[in-house]
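Residue numbers start from 1 in every chain, and the chains themselves are labelled A, B, ... in the order their sequence lines are given, proteins ahead of strands.
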Amino acid sequence: MRRPEPLPTRFDPASFEARWYGAWEAAGAFTPEVPSSKPPYVILIPPPNVTGKLHIGHALQFTLQDLIIRWRRMQGYNALWLPGTDHAGIATQVMVERELAKEGTDRRALGREKFLERMWAWKAQYKDNISHQAKALGASCDWTRERFTLDPMLSRAVRHAFVELYRQKLIYRDYRLINWCPRCLTALSDLEVVHKDVDGGMWDFAYPIEGGGEVVVSTTRPETMLGDAAVAVHPDDERYKHLIGKRVVHPLLDRTFPIVADAVLVDPAFGTGAVKVTPAHDPSDFATGERHGLERINILTEDGRINENGGPFAGQDRFAARKAVLAALAEKGLRRGEKTHRHAVGHCQRCDTIVEPYLSRQWFCAMQAMAARALEAARSGEVELIPEFWIATYENWLGNILDWCISRQLWWGHRIPAYYCADGHVTVAEHDVAACETCGKPVEQDPDVLDTWFSSGLWPISTMGWPEKTPDLAAFYPTSLLITAFDILFFWVARMVMMCCHFTGKAPFAEVHLTGLVRDARGQKMSKTKGNVMDPLDLVHEHGADAVRFTLAALASPGRDLPLDAKRMEGYHAFGTKLWNAARFVQMHLDGSEPELDAIDPTTLALPEAWILAELDRTVTAVDKAWGSYRFDEGCRELYQFVWNDFCDWYLEMAKPALEEDRGPGSGVRGPADPLAHDRRAGDVRAVARGVLLEALKLLHPVMPFITEEIAAHLGAAGMLIRTRYPEPDARRANPAALRLIAAFQAMVQETRSYRHLVGLPPGARLGLYVEKLTPEQRVAFTALAPELRRLAALDTLELDAASVPAGAIRDLAGGVHVAIVLPDGAVGEAERERMETELRQVEAELARTQARLADDSFASRAPAEVVEGARRRAEELGHKARLLAGTLGLER
RNA sequence: AGGCGCGUAGCUCAGCUUGGUUAGAGCGCUACCUUGACACGGUAGAGGUCAGCGGUUCGAGUCCGCUCGCGCCUACCA
């Protein structure tokens, strides 16, 4: 075997990350086979918006997706992770419009064509940013299948879906109240309206009644009285019964309107029990208007000013008009009171402008039937939500869903494939048409585009070429797993389930893992204004991609937000350094002749080697379980503990005598008693240390792909880890006896060290250890481990004669082994005495609790035998410990 | 108004589904250690009425009910 180059002394992620990404790509390691005999495993990327750079939340999504896809790929699946980006209609258009505003122009001045050119240029720039960042993080997605929602193939799918739904009468056009953003000048869906609590006012004013009298109403939006078409009262309300059917006189405009009875709208107990009705500007008033055939008086222009229906107020901004209307009412002596009122106000998700309920002709998609199917998919388990508590939220939303307004008065997006002739006929077609299908007259295409989420909803199938029956669709649909943040559960996840079920009959993915949101170290949301934003690329430059990935994965507890602390990332950076240095240590002892781990029979190995293989096996099982249940935090913890505690702290320390005493003549190290046996053990140690390290690197590879490849190559691994088989549990390595014996060994070492600190012995001072009542198995094991024990516990005398152990020196029981630690002179200092007395008190307290429990008849009779037995053993141990401590302190007990 | 989640060491979090020996981790803190892989290190420690109250149970951080506090989502109450 070729002896690889030694690992550099310094761990420098930047020196190898890009090189490895290039090597994987060059080897085509990200691209699955088509066709393939291997089972498919597919993850679709939640396509990032081409609005800007990736944020830390994307880094989390990318990390978790890459972790799973690398793991599945190594397990032998035909793994596809399909990347892409979303045109993000309104979000991106708002960004570019801001840019234009800085240049002193706007999209209308530019014209549709020029504006779209700007949009595409923007998209090109940010798409490149996004792929660059994904690669820097090590994302192993198949770039040969990269998609963009406005690609011809995906646009075709969108058009096809629209036409199909139109023919099925699930898409229709209607004139009704929608959410309107007066700044973006477009309709919005209900989801794009963000409700925020605002401290506003609640004003009462009186409407004069024809023929005398008045009726007092309350409102949070006085300006809408310009569009009032009725006053509603409850039909059973004795206060107002006599007014029903009468008309009120509009005090500011030259018109009158009726007082109607409406049991749905009016709650007689609320306010004055009389409600002003503005059908054109309030959803529940709109419904009331339908019931009573009321006039729908629109009083606003598209940009939020009062229109000609507002009489003297025409031209005023809606908020100026509010003040003006109140002043006018006051002048007429009609104001009847005012109070502050906290209520929810809808804001535009993208520009934060207050949204208006506005009458408009728009395209809608009927949701009920599709929602029922999507509910069924979740209830039957066809789609599994993880964590499962999300089902309640999912069901709640789908169960109360309203039709979806899908048209947007924007330019960036999929243009609606509807064509209108001068006579008002509508032609909807998959391909461009020139003539009306009804009358043959020339037509013009609808200028509007579709809600960006309409195309996102088709992502699982449009990316694979639907509606064509492509090989990809056959091989990779439905997909396996979706990983995304919970905040787009409704926007995206539910809509994908609805639309893909509708068009294919199959749910688009088997599992959905909903992650939390990345926050700062104190749990605050990251935002530019707070200045606590962490840029993933900065973090990669500072700590390396592997540390960023490991941190995010380790923080990803199910259903919780991730408080990202720089300190934590430093800790995982240090983990990389630790791994690197452990590998350097192992590597410097290798001579290139080591057999692979599979070629070694574990039963021929010495205890430390058998033990580390058993720990490895335990870790393999635990990690497998963790990844399989998306417990990224648990998997990371298992790996961290195995590498740092088991392998570095214990195994390598135990292995050092075997490795280091064979540095050859002249090294000044005393030679072993049996050179032949020592050489055999040294050979085993080298092979096992290297082999276990390589297995750990494979286990770690999905989380830390770069450092693991780099180290594995320096250890002479055959081939790249990305293409290596993932470790599997191995019954030959499992070894409960080794786990038990080494646990006892560790306990002896730790008790001895602890005792050294407890009595304040200087580091150089040596101790003796007396061990008694060993089982035959323990005697063999500890005799063999004597050099390691001596070294790790800094002991110099073992197996003291029982007669030479002073009664008061016996201190402890450890790991089921009776030991006594012998002080050189038996002296105990005053400070140490106090600490030992404290410990004695604690031991006695616990002993008392345990004995009380044992003395309780109901415990003995009702608790399982093993629990009772455990308590009994514990009491015995505690009793012994208490006696020994008391003895050391010279106390009588 | 409904729904969901959370409240465990100074900080950030595991553990709760399937109740059982001494409640864990990382960071921070204390003491000691410049021992040839690693000071981004090693060793040993200190630190917790598991938000509160009540219940079920031999036994509750874990199950049930209530209360308080925090966060989020959905919602057309003027």
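Here A/Arg584 pairs with nothing under the salt bridge (charged side-chain N to carboxylate O under 4.0 Å, His left out) rule; sequence neighbours left out. In this structure A/Asp197 satisfies the salt bridge (charged side-chain N to carboxylate O under 4.0 Å, His left out) test with no other residue, sequence neighbours excluded. Listed by chain and number, the residues in a side-chain contact (heavy atoms from CB on, under 4.5 Å) with A/Asp633 are A/Ser557, A/Pro558, A/Arg631 (sequence neighbours excluded). Not counting sequence neighbours, the partners of A/Tyr630 by the side chain to side chain donor-acceptor pair (under 3.5 Å) test are A/Glu511.
Nucleic acid contact for A/Glu653: base, since at least one base atom lies under 4.0 Å from a heavy atom of the residue. Residue A/Arg753 is in sugar-phosphate contact alone, with no base atom involved, counting any heavy-atom pair closer than 4.0 Å across all strands shown.
Taking a cutoff of 4.0 Å between a charged side-chain nitrogen and a carboxylate oxygen, A/Arg221 and A/Glu223 qualify as a salt bridge. Checked for salt-bridge contact, A/Glu653 and A/Arg791 meet the test: a charged N lies under 4.0 Å from a carboxylate O.
In the set B/rA78, B/rC73, B/rC76, B/rC73 carries the atom at the smallest distance from any side-chain atom of A/Phe490. Residue A/His341 places its side chain closer to B/rA78 than to any other of B/rA78, B/rU43, B/rA37. Side-chain proximity of A/Ala863 to the nucleotides B/rG20, B/rC77, B/rU21 is greatest for B/rG20. Taking only side-chain atoms of A/Lys656, from C-beta outward, the nucleotide of B/rA75, B/rG28, B/rA37 with the closest atom is B/rA37. For A/Lys567, whose side chain is taken as the heavy atoms from C-beta onward, the closest listed nucleotide among B/rU21, B/rA75, B/rC27 is B/rC27. Comparing B/rU22, B/rC76, B/rA37 by their nearest atom to the side chain of A/Thr850 picks out B/rU22. Counting only heavy atoms from C-beta on, A/Gln750 has its side chain closest to B/rA44 among B/rA44, B/rC76, B/rC4. When each of B/rA37, B/rU74, B/rA78 is scored by its nearest atom to the side-chain atoms of A/Leu191, the top-ranked nucleotide is B/rU74.
Stacking of A/Arg853 on the aromatic ring of A/Phe859 is recorded, both the 6.0 Å distance cut-off and the 45° axial limit being met. Relative to the six-membered ring of A/Tyr651, A/Lys656 misses at least one condition, a distance below 6.0 Å or an angle of at most 45° to the axis.
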Between the protein and nucleotides 1-3 of chain B, list the N/O to N/O atom pairs that are separated by less than 3.5 angstrom.
none

Polar-atom pairs under 3.5 Å, protein N or O versus N or O of nucleotides 8-13 of chain B: list them with distances, or write none.
unit_1	atom_1	unit_2	atom_2	d
B/rC13	O3'	A/Arg560	NE	3.4

Under 3.5 Å, which N/O atoms of the protein pair with N/O atoms of nucleotides 39-41 of chain B?
unit_1	atom_1	unit_2	atom_2	d
B/rC40	O2	A/Thr577	OG1	2.5
B/rG41	O3'	A/Lys578	NZ	3.1

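Positionally, the nearest nucleotide of RNA chain B for A/Val749 lies more toward the 5' end than for the other of A/Val749 and A/Arg221.
Within a heavy-atom distance below 4.0 Å of RNA chain B, the residues of residues 625-636 of chain A found are A/Arg631.
Donor-acceptor pairing under 3.5 Å is recorded for the side chains of A/Glu338 and A/Trp203.
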Show me the donor-acceptor pairs, under 3.5 Å and distance only, between side chains in residues 385-396 of chain A and residues at least two apart or in other chains.
unit_1	atom_1	unit_2	atom_2	d
A/Tyr394	OH	A/Ala374	O	2.9
A/Glu395	OE2	A/Arg379	NE	2.9
A/Asn396	OD1	A/Asn400	ND2	3.4

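Contact between the side-chain N/O atoms of A/Lys525 and the OP1/OP2 oxygens of B/rG71 is not found at any separation under 4.0 Å.
Identified under the salt bridge (charged side-chain N to carboxylate O under 4.0 Å, His left out) test for residues 269-291 of chain A, with sequence neighbours left out: A/Asp228-A/Lys276, A/Asp262-A/Arg291, A/Glu290-A/Arg296.
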> Which dot-bracket string describes RNA chain B (Watson-Crick N1-N3 plus N6-O4 or O6-N4, or G-U N1-O2 and O6-N3, all under 3.5 Å; [ ] crossing; | other strand)?
Replying inline: ((((((((.[[[[.)....(...]]]].(((((.......))))).....[[[[[..)....]]]]])))))))....

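A ring-centre distance under 6.0 Å is found for A/Phe632 and A/His513.
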> Can A/Asp12 and A/Arg10 be said to form a salt bridge (Lys or Arg N to Asp or Glu O under 4.0 Å), step by step?
Replying inline: CA-CA 6 Å; A/Asp12 177 18; A/Arg10 204 169 76 84; 3.6 Å; yes

>> Within the 4.0 Å limit for protein heavy atoms, which parts of nucleotides 59-65 of chain B are touched? Write it as a string from 5' to 3', B for base, S for sugar-phosphate only, - for none.
In response: -------

